[in-house]
Structure formats: C-alpha cells, structure tokens
2 protein chains.
Amino acid sequence: MISQKAKYALRALLALAEAGVGQSMQISDIADGQRIPRKFLEQILLDLKHRGLLSSRRGKNGGYALLRAPDLITVGEVLRLIDGPLAPLPCLSRMAYRRCEDCDGEDDCRIRRVFAEAHRANTAVLDATTLADMSGGSAHHRILGAG
Amino acid sequence: MISQKAKYALRALLALAEAGVGQSMQISDIADGQRIPRKFLEQILLDLKHRGLLSSRRGKNGGYALLRAPDLITVGEVLRLIDGPLAPLPCLSRMAYRRCEDCDGEDDCRIRRVFAEAHRANTAVLDATTLADMSGGSAHHRILGAG
DNA sequence: TTATTTCCTATTAAGTCGGTAGAGATTGTC
DNA sequence: GACAATCTCTACCGACTTAATAGGAAATAA
C-alpha cells in the first residue's frame, strides 16, 4: 500500500498541475479543494519544495507552484520522494541500494530474480506515467504503447 | 519493501520444496540451514500451517512438510499470506477491498488508474511465478512467455 | 517416563504513520 | 510602522507495525 501522505501529495500536485505551471495556489485552497488536513499538507508541500518540485512565496498572496511541466513529473518520482524506495528488496533499489545480507547462501538470488522482474514491471508503469498523463485521462504514457 | 518475515517464509518454503512434497523438515534444520532466527521461524511456519500451506507433526521425528506441489504455490500467494494485500490502494485489493474514501471528487480515479495498471503488471509476475520456478532457475513461469 | 518437537500466547524495543501544535520568518497593504 | 496573511520549521502525540524473544503447554516416539 502507498501511504496516505503519497496520495495527498499526488492529489495536491494534480491540483497544481491543473492550475498551470507558473500559477500558484495556497495551501488552504488545495487543502479545502482536496479535503486534505491542512497542517499535514503544509508538511508535504514543504517537503516537495525542499526536494525541488515546487517553488513558493510567503506572505500575502503567497503560495506554491510547480517548477516543472506536469509532463515531466512522473508518479514514480513523487512516490520515491514521499514514501522512499519503490523496490521490494534493498538490493534492487536504485535510490537506497544495500547488499542482501541474507543472500550469501545460494538460494538468496532465487528470491532476488522474481522480485527484480516484478519490480521492473511495476516501475515501468510508474516511471512512464506523468502528472499530465493522469490529468489527461489516459492511464499513461510518455513511452509505452497503448494500455 | 517486502517484510523480513516474508523473505524468511519464502526461503523456508523453498527449502521444503527442495526436500520434496511429502518430505518433512524440522524447524531447527530449516532455521540453521537458512540462518533464520529459530523462534521467529516457529511463528512463521505455524502461520503457514494454519493457512493451509503446510502440514506438521509434533514430537520426536516431527517437522513440517508442503501440502501442495511447489509448482502450485505462487510467490504472490505466499506474500499475501504473510504481508497481507499486495495492492497499492485498498480499492484495488482483491483480498481486502475497501472503497476509496478520498476519491469521490473526480480526481480520485485518476490516481486509481495508474496504480491499477502498475498493480496488474506487478501481480502478473508474482502470481505467475511458483516455488518450482524459483528453484528451477528461470525467473518464471507457468503462464507468461520468456522474460 | 523422558526427551523431543511442535503449538500457543505474551512481551518487548524500536520504528513508522497520520496528524496536531505553536512559534518564527517573510511579504503585502494601510 | 503596524498588522494581517502566508509559508517555515521543529516538536510532539497516540496508535500501530516489525522483528524478534520468552516460556510453558501439548503431543509423540522410544
């Protein structure tokens, strides 16, 4: 299961994407519109800003805006920012690789193989689907053919 | 990430699969051979027994054995037994379906769509790969073509 | 009767999840 | 300059999960 936080992040980013790339929205507007707890959303947006996805302005007429076009932000990227690695095993993660401790016996890599393939299939979808794709209505894609 | 418990379960089941369908192994043998904490493995095997995957005998010469042939036990099944639903969203789960609370706004299903496709790709692999496939060396499959 | 082995329940320490609280910093307006 | 609006930051909270550990009860074989 993806976290509630990641769902909120995607909903908020979709709202910002539909507002337009330069256009800013305030936390409260997004929170109200998407029915997301306001203070919780504050943390999420701040995080997304620190990670380079959003810009912000303080004070009156402040708000957040996308720094990149919606077709350049993938679901996979957002998920990794918020929830951490997508990989089912540390030894398959590109963002948090760790050698498998358990696997020095020969059976270790039998487990790795199946999860490597599942992971590849999973991220092929998530990394190919952008905010623009989600908004647009078709399930995806930048890269893949028809679903 | 899949849980440590699920990794232990898969390793234990692979050990039992290689012992043979009728053949039993004792907790200690599996624990030693796979370097799994013994008392933890007890819980896991007991759980797998209660869920119908294993049979057991107590007392001297006791042990656990597979109730089904290794080519009839999929990775997906084991994962669901140990870790619970594989679905990224409750509204996509076959074993723990719940309507999405957040999704009554129209954007709700934009999120669902992309995760539905990722989930399908993921489980296509996990539900097609059996213990026998894992043992055998090829990544999979009963159903799919070549990897 | 005794040793062996599975069965079952409770407990624990550490971490995660989802959220709340409140004060501080910055900006626009009067 | 005062003031209100808004983002920024840190701390905190209760409930839950994870990965074990502990210890005794029940069953079986010799």
Side-chain angles (χ1 to χ4, degrees), chain A residues 1-12 16 23-32 34-67 79 81-85 88-90 96 100-102, chain B residues 1-12 16 23-32 34-67 79 81-85 88-90 96 100-102:
Chain A
M1 302 271 179
I2 70 171
S3 68
Q4 191 62 37
K5 198 171 171 179
K7 282 188 250 173
Y8 288 157
L10 284 171
R11 300 229 306 265
L16 285 165
Q23 297 303 308
S24 80
M25 291 183 72
Q26 299 189 341
I27 295 177
S28 299
D29 293 339
I30 302 176
D32 292 352
Q34 302 293 323
R35 298 196 312 308
I36 300 173
R38 201 221 132 115
K39 293 295 282 182
F40 197 25
L41 182 58
E42 276 188 20
Q43 291 180 28
I44 294 169
L45 294 179
L46 194 53
D47 207 16
L48 291 174
K49 177 200 168 159
H50 287 155
R51 289 163 179 283
L53 235 53
L54 301 177
S55 62
S56 69
R57 250 182 50 171
R58 297 207 258 199
K60 200 155 192 178
N61 305 324
Y64 285 94
L66 284 185
L67 272 174
L79 248 45
L81 291 183
I82 298 292
D83 281 352
L89 297 171
C100 276
E101 322 275 346
D102 330 77
Chain B
M1 300 271 177
I2 70 171
S3 69
Q4 191 63 37
K5 196 170 172 180
K7 282 187 250 174
Y8 289 157
L10 283 171
R11 300 230 306 266
L16 285 165
Q23 297 303 307
S24 81
M25 291 182 72
Q26 298 190 341
I27 295 177
S28 298
D29 293 338
I30 301 176
D32 293 352
Q34 303 292 323
R35 298 197 312 311
I36 300 174
R38 200 222 131 117
K39 294 294 282 183
F40 196 24
L41 183 59
E42 274 190 21
Q43 289 180 30
I44 295 168
L45 294 180
L46 194 53
D47 207 15
L48 291 174
K49 179 201 167 157
H50 287 152
R51 290 164 179 283
L53 234 53
L54 301 176
S55 61
S56 69
R57 249 184 49 173
R58 299 206 257 199
K60 199 157 192 177
N61 305 323
Y64 284 95
L66 283 185
L67 272 174
L79 249 46
L81 291 183
I82 299 291
D83 282 352
L89 297 172
C100 275
E101 320 276 345
D102 329 77

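Any value given below was found using the heavy atoms of this structure, including those in side chains, with hydrogens, waters and symmetry copies removed. Letters A, B, ... mirror the listed sequences (proteins, then strands); counts begin at 1.
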### Query
So, does Gln26(B) use its side chain to make a donor-acceptor pair with the main chain of Gly62(B) at under 3.5 Å?
yes
### Query
Would you say Arg57(A) reaches dG28(C)'s phosphate, i.e. side-chain N/O to OP1/OP2 under 4.0 Å?
yes
### Spatial distance of atom CG (Asp83(A)) from atom NZ (Lys7(A)) [nearest 0.5 Å]
10.5 Å
### Asp29(B) CG - dT4(C) P separation (whole Å)
14 Å
### Start and end of chain A contact along DNA chain D [non-hydrogen atoms, under 4.0 Å]
dA5(D) to dA11(D)
### Query
When you match Ala6(A) and Gly59(A) each to their closest nucleotide on DNA chain C, which lands nearer the 5' end?
Ala6(A)
### Task
First locate atom CE of Met25(B), then atom CG of Leu54(B), and finally report the distance between them rounded to the nearest 0.5 Å.
12.0 Å
### Task
Could you check if a side-chain atom of Lys39(B) sits within less than 4.5 angstrom of a side-chain atom of Gln43(B), using non-hydrogen atoms only?
no
### Query
When Tyr64(B) is tested against each of Leu46(B), Leu48(B), Leu53(B) for side-chain contact (heavy atoms from CB on, under 4.5 Å), which residue passes?
Leu46(B)
### Query
Rounded to the nearest 0.5 Å, what separation is found between the CD atom of Gln34(A) and the OH atom of Tyr8(A)?
11.0 Å
## Note on the structure
Rounded to whole Å, the CD-C1' distance (Glu42(A) to dG24(C)) equals 12 Å
### Query
With respect to the phosphate group of dT26(C), does any side-chain polar atom (N or O) of Lys60(A) fall under 4.0 Å of OP1 or OP2?
no
### Query
Once you round it to whole Å, what is the distance between C1' of dT16(C) and CD1 of Ile82(A)?
15 Å
### Task
Using atom CG of Asp47(B) as one end and atom P of dT6(C) as the other, report the distance to the nearest whole Å.
16 Å
### Message
Of the listed nucleotides (dG24(C), dC7(C), dT20(C)), which one gets closest to any side-chain atom of Phe40(A)?
### Response
dT20(C)
### Message
What's Leu45(B) touching, base or sugar-phosphate or nothing? Going by heavy atoms closer than 4.0 Å.
### Response
nothing
#### Entry: Atom-pair distance (CE on Met25(B); P on dT6(C)), nearest Å
11 Å
### Message
Between dT6(C) and Gln43(B), counting only base atoms on the nucleotide and side-chain atoms on the residue, is there a donor-acceptor pair under 3.5 Å?
### Response
no
### Message
Taking only side-chain N and O atoms of His50(B), does any of them lie within less than 4.0 angstrom of OP1 or OP2 on dC8(C)?
### Response
yes
### Query
Just how far, in rounded Å, is P of dC17(C) from CD1 of Ile36(A)?
18 Å
#### Entry: Distance (rounded to the nearest 0.5 Å) between Leu67(B) CG and Ser56(B) OG
9.0 Å
### Task
May I ask you to evaluate whether Gln26(B) reaches the phosphate of dT5(C), defined as a side-chain N or O under 4.0 Å from OP1 or OP2?
yes
### Query
Whole-Å distance between dT6(C) C1' and Asn61(B) CG?
13 Å
### Among dG19(C), dG24(C), dC7(C), the nucleotide that comes nearest once only the side chain of Lys39(B) is considered
dC7(C)
